Amino acid sequence: MALYDFTRSYQMLEEAKKVVPGGIYGPRSPSFLTYGSYPAFMVHGEGCRVWDVDGNEYIDYMCSFGTNVLGLRHPKVEAAARAQWDKGDCFTLPTDRWVEAAHAIVDRVEVADWVVFGKNGSDATNYAVTVARAFTGKKIILKAFGSYHGIGPWCVPIPVGIPEEITALTKQFPYGDLNAARALFEAHKDNIACVIITPMKHDTFQNIEFPTREFLDGVRKLCDEQGALLISDDIRCGFRLDMGGSHVYFGYKPDMVTFGKAMANGYPIAVATGSERLKEIAQRVFYSGTHFFSGVPMAAAIACMKAIEEEGAIAHMAEMGKLLRQGLDEQSKKYGVPVTNSGPPAIPYMIFAKDMNFDKARYFCGEAAKRGIFLHPHHNWFLSAAHKQADIEKTLKVTDECFKLTKEKFGDK
Ligand SMILES: Cc1ncc(COP(=O)(O)O)c(C=O)c1O
């Protein structure tokens, strides 16, 4: 098979650098992937496949960092969005999709008695911690080291341009370490507004870890004892593990939950939700955005959540993820290239043994990209309902070759 050529992608990247800082910023930059082994710009997509500006086709396991849950251009979601487009998207006032979209969440998520809409996950997490501060009258936010909650100044992972006074109000503990969380509660007694956690530890560059019962119960208890709120940031995992929220999958009860990514199959919408007792204060926290009220993403969200249920998407993603993992594990053994596959099957991730600098991962995933399989070397992957058995089989043919190449290049190192 001829390896992919990315000439047009990199020409465009150079053109982009003249008018956009860095050309492409953040984790979508080919430098963050493996410079030269990945495309830079996509043209179109269908189902679980995407095509780049050089005309190369990929089976995509990044699913646009999680938004593509049903398959790109899913007919029911597209029809719902198109019907709203035909009437108009962004008006002076919300559309008549507003209440229906709120119900799409409130009716499915037990702890959610109300929702507010934003565009990106960061809108939702920023709002949630602000509600917690307003409700408790306290200032400090507890979060886990390495847990990503977006680009709010209180949590942005690289705080360039953020005053220390702001970052000092966020305190961090190792995910899952109840004693460390308890010590922070002790040290900042009576000043902790909230603990914000992701449903599982899904940090970049690390194996995915599930929370323990002891940690979840312990954090809940600490919050209750000290009058702090527990926020579940379900932006990444939401609607891939359980329609009621990933806290149901892992068994804990937050006071607020944030969703985004998968909720509208790629249309820009995110929500923060909370329990009844927070509704009055939520109303007083100022929250607005020019596009927060647009109707198309709401129409898409309503259709998307219904389709996830109707099509049994969650069970299907888990099944496909299991097949993928089983294949990767077998190939790792076959070639004597040890790896750890972690995470729930619908949100999997693979790390190579003895790969501190991620050289093996970059090489492996880069070689896969050159052969039409889009994996990320140091960020978790995503399955969608559009990944079918034939796609997994095709993927495993490529990864077999990539394992072989990785063994040849790195040997037993
Ligand atoms: C757990 C979590 N929270 C918040 C965010 C921020 O979402 P967004 O990039 O849509 O602002 C992300 C994005 O990856 C995320 O994974």
Side-chain angles (χ1 to χ4, degrees), residues 24-29 32-33 60-69 105 109 115-132 141-159 162 170 172 175-176 194-206 208-211 230-242 245-247 249-250 252 254 256-273 287 289 291-292 294 297 300-301 304 343-344 346-349 376 378-384:
I24 304 174
Y25 39 79
R28 284 166 176 80
S29 160
F32 189 65
L33 292 152
D60 179 17
Y61 288 92
M62 286 314 290
C63 291
S64 146
F65 282 82
T67 67
N68 175 18
V69 66
I105 299 289
V109 181
V115 310
V116 297
F117 300 100
K119 289 284 117 193
N120 289 292
S122 298
D123 298 330
T125 53
N126 291 344
Y127 175 81
V129 297
T130 309
V131 167
I141 297 165
L142 296 196
K143 71 176 277 295
F145 287 110
S147 284
Y148 184 64
H149 299 294
I151 57 165
W154 59 275
C155 65
V156 64
I158 304 171
I162 312 289
T170 300
Q172 308 194 68
Y175 190 102
C194 60
V195 180
I196 182 165
I197 55 169
T198 52
M200 58 187 192
K201 182 170 181 278
H202 53 45
D203 310 351
T204 39
F205 297 101
Q206 291 185 34
I208 293 173
E209 285 173 30
F210 293 158
L230 179 60
I231 302 171
S232 181
D233 178 359
D234 211 4
I235 302 284
R236 193 176 310 181
C237 303
F239 309 119
R240 268 197 169 76
L241 301 178
D242 193 296
S246 307
H247 57 280
Y249 183 86
F250 288 110
Y252 62 100
M256 299 184 74
V257 190
T258 55
F259 297 104
K261 294 199 187 278
M263 70 176 280
N265 208 42
Y267 285 85
I269 188 165
V271 292
T273 75
Y287 191 58
H291 294 100
F292 282 8
S294 58
C304 175
I347 311 176
Y349 183 44
H376 199 295
H378 35 73
H379 186 289
N380 70 263
W381 311 335
F382 300 90
L383 272 292
S384 78

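Here the structure is a predicted model, which means the values were calculated and not measured. When a ligand or atom number is given, it counts from 1 through the structure's own listing order.
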Asker: Under a 4.0 angstrom heavy-atom cut-off, which atoms of ligand 1 come close to K261?
Answerer: 13 (C), 14 (O), 16 (O)
Asker: Going by the atom numbers of ligand 1, which of them fall below 4.0 Å from some non-hydrogen atom of D233?
Answerer: 1 (C), 2 (C), 3 (N), 4 (C)
Asker: With distance as the sole test, does D233 use its side chain to make a donor-acceptor pair with the main-chain N or O of I235 at under 3.5 Å?
Answerer: yes
Asker: For atom 16 (O) of ligand 1, which protein heavy atom lies nearest, and how many Å away is it?
Answerer: R236 NE, 2.9 Å
Asker: Between K119 and D123, is there a donor-acceptor pair closer than 3.5 Å when you use the side chain of the first and the backbone of the second?
Answerer: no
Asker: Can you confirm whether T198 sits close enough to H149 that some side-chain heavy atom of one is under 4.5 Å from a side-chain heavy atom of the other?
Answerer: yes
Asker: When the ring centroid of F32 is compared with that of H378, is the distance short of 6.0 Å?
Answerer: yes
Asker: Counting only nitrogen or oxygen atoms and a 3.5 angstrom limit, does G121 reach ligand 1?
Answerer: yes
Asker: What's the shortest distance from atom 2 (C) of ligand 1 to any protein heavy atom, and which residue and atom give it?
Answerer: Y148 O, 3.2 Å
Asker: Strictly under 6.0 Å, is that where the ring centroids of Y148 and H202 end up?
Answerer: no
Asker: Can you pull out the closest protein heavy atom to atom 6 (C) of ligand 1? Residue, atom name and distance to 0.1 Å, please.
Answerer: G150 CA, 3.7 Å
Asker: Would you confirm whether N68, through its side chain, and S64, through its main-chain N or O, come within 3.5 Å as a donor-acceptor pair?
Answerer: no
Asker: Please verify whether a non-hydrogen atom of F65 lies at under 4.0 Å from ligand 1.
Answerer: no
Asker: N120 heavy atoms, cut-off 4.0 Å: which ligand 1 atoms fall inside?
Answerer: 10 (O), 11 (O)
Asker: Which part of T198 is near ligand 1, with near meaning a heavy atom under 4.0 Å away: side chain, backbone, both or neither?
Answerer: side chain
Asker: Are any of the protein's heavy atoms under 4.0 angstrom from atom 9 (O) of ligand 1, yes or no?
Answerer: no
Asker: I'd like to check which ligand 1 atoms, numbered from 1 as shown, lie under 4.0 Å from a non-hydrogen atom of S122.
Answerer: 6 (C), 7 (O), 8 (P), 11 (O)
Asker: Side chain to side chain donor-acceptor pair (under 3.5 Å) with N126: which residues, sequence neighbours excluded?
Answerer: W154
Asker: Above 12 or not: heavy atoms from other molecules or residues under 6.0 Å from CZ of F205?
Answerer: yes
